[in-house]
Structures are given as structure tokens and as C-alpha cells.
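Below: one structure, written as C-alpha cells.
Residue numbering restarts at 1 for every chain, and letters A, B, ... go by the order of the sequence lines.
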Protein chains: 2
Amino acid sequence: MGSSAKEEARIADALCKAVLERKLAPGSKLPEEELAQIFRSNRAKIRRVLLSLSRSHIVTLEPGRGAFVSRPSPQEARDVLASRRLIEVSLLAHPYRKLSAQGATRLRRIMAQEAEAHEAHDAIAMIYISGQFHLTLIEELGNRVLKSITDELILRMSLIITMYERHNTTCCLSSDHHDLLELLLADNYAEASALMARHLEGIESCLDFHREPVTTTILSQILKPLRD
Amino acid sequence: MGSSAKEEARIADALCKAVLERKLAPGSKLPEEELAQIFRSNRAKIRRVLLSLSRSHIVTLEPGRGAFVSRPSPQEARDVLASRRLIEVSLLAHPYRKLSAQGATRLRRIMAQEAEAHEAHDAIAMIYISGQFHLTLIEELGNRVLKSITDELILRMSLIITMYERHNTTCCLSSDHHDLLELLLADNYAEASALMARHLEGIESCLDFHREPVTTTILSQILKPLRD
DNA sequence: GGGTATAGTATTGTAAACAATAATGGTTGA
DNA sequence: TCAACCATTATTGTTTACAATACTATACCC
């Protein structure tokens, strides 16, 4: 049975979600045995998952020392941000196809969740849902390849924000998402693209690459609730 | 010693090069034991390499059946082409930074190699060098993240061309590369971007997604010269 | 007291044997 | 002659034990 690949995907997803939700700090050690116990799995599977995540630049494998949550350098951070901006801004300016009614519905649904999380002051949920908004937008106006590329970029950006976020800042204004959808529905892609540029620049302006990032190496206790 | 990662990179590179040079046909079986012998390695390392390549969509792992060179579907092909077009065209229109003198030199050197291969009627070398031209361009005007993204897209495109190329067509006119460089040196990025769009569309126009692709499952004999 | 060396411990890396699964070929019966 | 079934073979998947390496703590010397 092909449940092995499924199980590995489950573990990888749990780890990615932990990164997205800023629970796994960059630099954290990821011991194989410990992960195997947490996910009720075995070292071999964990090992494959870590190899996969290292290919996505989420995890860094140091030979002989083990796996660590990646710590993107300021240069890598700038490159990731610029790449994401290039893709999203360009796609909005020259969409692969126009936003369908169905697509608009999907986006609205996500925005409703976003508002809900906002009401509940659930910052963690908001980060995740915000990512989903961007990804859905790319899938609707673009294609799946761009989506999977951006998926990885968003994950890497999560690490970047955790490392370099300036204090007392609130990233990713949800009002932008609302305005964005309005512009798309009005077929105003030029303005939508410009707004997206400002939106992403807004996130970037919350970063400070000079600050030496705190390396809160969180113990894996935090992963346990994410098992399933 | 960290020679293990090096060795795996060597094997992965050899396989990627074989894909780039159209020697490994899409659909070809990649038996673990055979690869281990060819590369004088062992199954464990081959296994990790195949897992890595599967994450890059170069190889498809079918549980219980083994690894195969990927066979991108027409839809996936269209998505890969569109994504690459988006990235390269947008980057030329809005480059991260202008082409430096050093960058121009790098590109000229690659174009010289291209001319050389053209003289020698070495079609295989030309494909590889042409890819290098595009990648260098992205590295010079953009950044490393975009480069590595495009690196993967070019590899996937190689599979796509092998599968869907119309007969009697010559893809990727090298004269375009020459004109492109001239435009960049003249600081005419708008025209360069337009030329890149035409250039990539030219490649796409050589494809025919209706044609059922020939599955020349090449035996791995062909890989042996690529061992080192 | 601090720094270095060393013994012990924990973790990662590798290999090999075994189990499970899918492909192959031959046989039998209609 | 063809098709279905079964046995054989080959290949993949998993587990285990072991080897190598890096970390930790203690003791010893300067």
C-alpha cells in the first residue's frame, strides 16, 4: 500500500505548518529520533522527510551534525522577497487568465476566514490564511507551477520574517486583500498589480536585516499538537 | 567527511545533464541497482538522489514500481512554459539591477561557446549552452533564487521538448541571444523583454501537444559515459 | 581559575539482510 | 490460438544492527 508516501507528506506538512505559524524557530535542531517519536514514525521516514524539506530550503542538513530549521541569510532573504514580488506583481499585471466567478468566490471565502481570525485576535491563523489568499490568487490567475513555486517562497518568507521582523509591527494588512479583490472584479489589473507591489513592499519594510536575529531554539514539545 | 553529499550531487548532476541533452527519454525506468552499478555507488545513495530529483519533478516515483523519468502532461507543460515566460520576460522588463560589464563578459563568453558548438554541428552542446545563457542572464539581472527556480524550469522544459517537439524544427535561435545582448548593452530593456517573449514563444510554437509522444525508453547504457 | 585533553555519551551515517510487491514466463484449459 | 492463472524471478521497501562522527562533562595541567 502507498500509505508510506502519505505518512511522509503528513509529517512534512506538520513541519511546514509549524514553520508557517512561527512555532519552529530558524536554527532549531531537528533530531531524527525525537521527530520519529513525536510523529510515531521511524528514523528512515523522518530522514526522507528532512531530505525533502532541505530541497525546499526549509531545512538545512549539516553532514554529521543533523538537520536544522534553515536560517536564511540577509542576501537570501532579499532574493526570496524580490522573487516573490516579481512573480506576484507580474502575474497580476499580465494574468494568465481573468478571475472567474468561481475564483472570486474562493477568495471571498478565504477573506471571511481572515476576518474571523482577526475578530478572534488569532494572529497565527491570520498568517496562515493570508498565505492561502495569495496562493489561491496565483492559482486562479496563473497556474499550478507558479503556485507551487510561490508556496515554497512563502514558507521561506515565514522563516525570514521570524528572523528579521522589526518589533511592534503588524505585517500583511488584511485590508489590502479586500481592495485587491475589488480591483480584480473591476478588471483593473494594472492597479491591482500596483497594489500588490505596495502590499509586498509593506511587508518588506517591516524587516531589519541589521538586527542579529534571536535564535529561540524551541524544543520540539511544540510539535506534538501538530502530529495529525 | 562530507563526501557523501558531494557524490550524490555528482550523480544528480549526471542524470540532469542526461535529461538536458535529451539522452534520457521521459518515461525511462531508472532501476536502483543498475544506477548504483553505473555510478559505482550503492542503492541507499541512489535512492536519496531519486527522491531529490522527484522533488524537482524530473523523476516520478511510483510506489512499489520504482523511479521513472517524468512525463509531463500537456497541462503541466503549458504551465511550465508560461511560468518560465513570466519570470524571464518580467525580469528583463524590470531587472533587479542593470547588466554589469562583468555580466556582459560572461554572456559573451557563453555566446562564443554557442557559436563554436554551432560550427561543430553539436546540437547537444548547443542545447546545454543555450540554457546556460538564460541562467546567466537571470543571475546577472536578477538573483540566485530566481536562477535556481529557472534552473528547474529549464530541466522540465527539456523533458517537454523531448516529448512534444514537432519534427523538422530548430528551437531556440541563437541569433536571438546575440540581439538580446545588444539590446541590454544599449539599456533598452523594454525591447529586450519583448524579444525574450518572442524568443520563448518561438520555442513553444515548435511544440505539438496533440502528437502522442514517443516513449523511447533508452537503456541506461547511455549513462555510463556520464559517470564523472 | 581557566583552558585543554580525554573518556563517555548521544546522534547521525551506512550497510546488509529480510520482507513485500510487482513484473515475467510458462502452463493449462477452453 | 488465445486467455487466464500460477509459479518464478526481479525489484523495491523496511528494519535492524553496527560504524563513524560530533557533542558533553569531567579531570588534569598550566
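The two residues A:S41 and A:E7 have their closest heavy-atom pair at OG-OE2, 3.2 Å.
Rounded to a whole Å, the CZ atom of A:R48 is 15 Å from the P atom of C:dG13. Taking atom CD of residue B:E33 and atom P of nucleotide C:dA16, one finds them 11 Å apart after rounding to whole Å. B:F68 places its CZ atom 11 Å from the C1' atom of D:dT12, with the value rounded to the nearest Å. At whole-Å resolution of the value, CG in B:L30 and P in D:dT11 are 13 Å apart. Following rounding to the nearest Å, A:L61 (CG) and C:dT11 (P) show an atom-to-atom distance of 17 Å. Going from atom CD of A:Q37 over to atom C1' of C:dT11 covers 13 Å, rounded to whole Å. What separates CG of A:L50 from C1' of C:dG13 is a distance of 14 Å, to the nearest Å. Following rounding to the nearest Å, A:E32 (CD) and D:dA22 (P) show an atom-to-atom distance of 15 Å.
With sequence neighbours left out, A:D79 forms a side-chain hydrogen bond (donor to acceptor under 3.5 Å, both in side chains) with A:Q75.
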List the steps and the verdict of salt bridge (Lys or Arg N to Asp or Glu O under 4.0 Å) for B:E34 and B:K29. CA-CA 10 Å; B:E34 198 174 344; B:K29 180 109 205 292; over 6 Å; no
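Side chain of A:R47, nearest nucleotide from C:dT11, C:dT14, D:dG13: C:dT14. Distances were taken from every side-chain heavy atom of B:R65 (C-beta onward) to each of D:dG13, C:dA22, C:dA15; the shortest belongs to C:dA22. Side-chain proximity of B:K45 to D:dG13, C:dA15, C:dT11: nearest is C:dA15. Closest to the side chain of A:N42, out of C:dT11, D:dT15, D:dT11, is D:dT15.
Inter-axis angle, ends of the helix from C:dG1-D:dC30 to C:dA30-D:dT1, five pairs per end, rounded to 10 degrees: 10°.
Contact annotation: A:K29 reaches the phosphate of C:dT12 (side-chain N/O to OP1 or OP2, under 4.0 Å). Taking only side-chain nitrogens and oxygens, B:R43 never comes nearer than 4.0 Å to OP1 or OP2 of D:dG13.
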Could you pull out every donor-acceptor pair under 3.5 Å between side chains of residues 48-55 of chain A and any protein atom, sequence neighbours left out?
unit_1, atom_1, unit_2, atom_2, d
A:R48, NE, A:E8, OE1, 3.4
A:R48, NE, A:E8, OE2, 2.8
A:R48, NH2, A:E8, OE2, 2.8
A:S52, OG, A:R48, O, 3.4
A:S54, OG, A:L51, O, 2.7
A:R55, NH2, B:S56, OG, 2.5

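Heavy atoms of B:A44 sit nowhere under 4.0 angstrom from any nucleic acid atom.
Between B:F133 and B:H177, the ring-plane angle classifies as parallel under the 30° and 60° cut-offs.
With values rounded to the nearest 0.5 angstrom, A:I129 atom CD1 is found 6.5 Å from A:E114 atom CD.
Counting non-hydrogen atoms of neighbouring residues, nucleotides and ligands closer than 6.0 angstrom, the CZ atom of B:R78 exceeds 12 such neighbours.
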